[in-house]
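Structure, as structure tokens:
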Protein chains: 2
Amino acid sequence: MADEQEREPSPFAALAAMDRLVHDPSRLAILTLLLGWTEVEFSYLLAATGLTKGNLSSHLAKLEAGGLVEVTKGHKGKTPWTRAKLTKEGRETVEGHWNDLDRLRREAAHWA
Amino acid sequence: MADEQEREPSPFAALAAMDRLVHDPSRLAILTLLLGWTEVEFSYLLAATGLTKGNLSSHLAKLEAGGLVEVTKGHKGKTPWTRAKLTKEGRETVEGHWNDLDRLRREAAHWA
DNA sequence: ATATGGCGTTTGCAGCGCAAACCCCGGCGT
DNA sequence: ACGCCGGGGTTTGCGCTGCAAACGCCATAT
């Protein structure tokens, strides 16, 4: 198999193909914040990211649909209380994404 | 001025606000490739990024409209010959973007 | 009663990125 | 002469997205 004419993809092709679900700025912010905690409240995410409630809500929904975060809704007393945490896959994906970015940047730099 | 109640933005807010013109994967690939050269041909970009002709064309148009890239169209013999290069602003912007990403990732990591 | 405000969800729309279709020119086969 | 492929790009069409604004719901205050 080593004699297969392997088309070595440039780092640029990999960069161009990054997963938008993760790479999108708002979501990358959410995901990166979540890396530092086991579980975070909606209102904390709200303040830390500067997103609006509406947009945070829909980004979380998308991340949940993609299997990267788990969202838990409950009540604290009578008021709603929503928390988010990374799934195992989510954590791996986000860490992987940052590492990929780092690596691609370095590879790109020494590309002839 | 030091007594101004400076609202210190979290790195996450800065991440969430990254400029999409630069951060978009395809364009980040194009821009990063351009960092390594003074001028690059359309067909080289095409091969290196794995984009289609159509999409490369429109991304370049957008980058040019944003003042990050200068596109020069001419002819080599009779066939069209298009080249792209970073503007001064473009170069600063792309380098800045990568540095920002690096920095934000680090700040995020030691965020309590 | 009726505001006000916390906590989120839903909706409406403009704009974007992607794939496919298209245009133009030069060579090649017949 | 005519069709056809292929290199070099541009334009078009459309589904999806992300943002802001509107909404829903339940407390507490007036």
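Residue numbers start from 1 in every chain, and the chains themselves are labelled A, B, ... in the order their sequence lines are given, proteins ahead of strands. None of these values were measured; they are calculated from a predicted model.
- The side chain of B/Lys73 places an N or O atom within less than 4.0 Å of a non-bridging phosphate oxygen (OP1 or OP2) of D/dT10.
- In terms of phosphate contacts, B/Ser57 brings a side-chain nitrogen or oxygen within less than 4.0 Å of OP1 or OP2 of D/dT10.
- In the set C/dT10, D/dA20, C/dG17, the nucleotide with an atom closest to the side chain of A/Arg20 is C/dG17.
- Ring geometry for A/Tyr44 against A/Trp37 counts as perpendicular: the plane angle is over 60°, on a 0 to 90° scale with 30° as the lower cut.
- Of the candidate nucleotides D/dA20, D/dG8, C/dC18, D/dA20 has the atom nearest to the side chain of A/Thr52.
- Looking at every heavy atom in both residues, B/Asp24 comes nearest to B/His59 through OD1-CE1, 3.9 Å.
- For A/Ser26, a side-chain nitrogen or oxygen approaches OP1 or OP2 of D/dC19 to under 4.0 Å.
- Within the structure, every side-chain polar atom (N or O) of B/Lys53 is placed at least 4.0 Å from both OP1 and OP2 of D/dG8.
- Residue A/Lys62 has a polar side-chain atom (N or O) positioned under 4.0 Å from OP1 or OP2 of D/dG18.
- At the phosphate of D/dG18, OP1 or OP2 sits under 4.0 Å from a side-chain N or O atom of A/Arg27.
- Under 4.0 angstrom from either OP1 or OP2 of D/dG9 there lies no side-chain N or O belonging to B/Arg83.
- Look at B/Lys78 and you won't find any side-chain N or O under 4.0 angstrom from OP1 or OP2 of C/dC25.
- You'll find that the side chain of A/Phe42 is closest to C/dG8, out of D/dT10, C/dG8, C/dG17.
- Between A/Leu56 atom CG and C/dT10 atom C1' there is a gap of 15 Å when expressed in whole angstrom units.
- Counting heavy atoms from C-beta on, the side chains of A/Thr82 and A/Leu60 never come closer than 4.5 Å.
- Comparing A/His59 and B/Thr82 against DNA chain D, the residue whose closest nucleotide sits nearer the 5' end is B/Thr82.
- At a threshold of 4.5 Å between non-hydrogen side-chain atoms, the residues A/Arg27 and A/Leu68 do not count as touching.
- Looking at which nucleotide of DNA chain D each of B/Trp81 and A/Ser58 is closest to, the 5′-most match is held by B/Trp81.
- Grouping the Ile, Leu, Val, Met, Phe, Trp and Tyr side chains by contacts below 4.5 angstrom, directly or via other members, places B/Val69 apart from B/Trp81.
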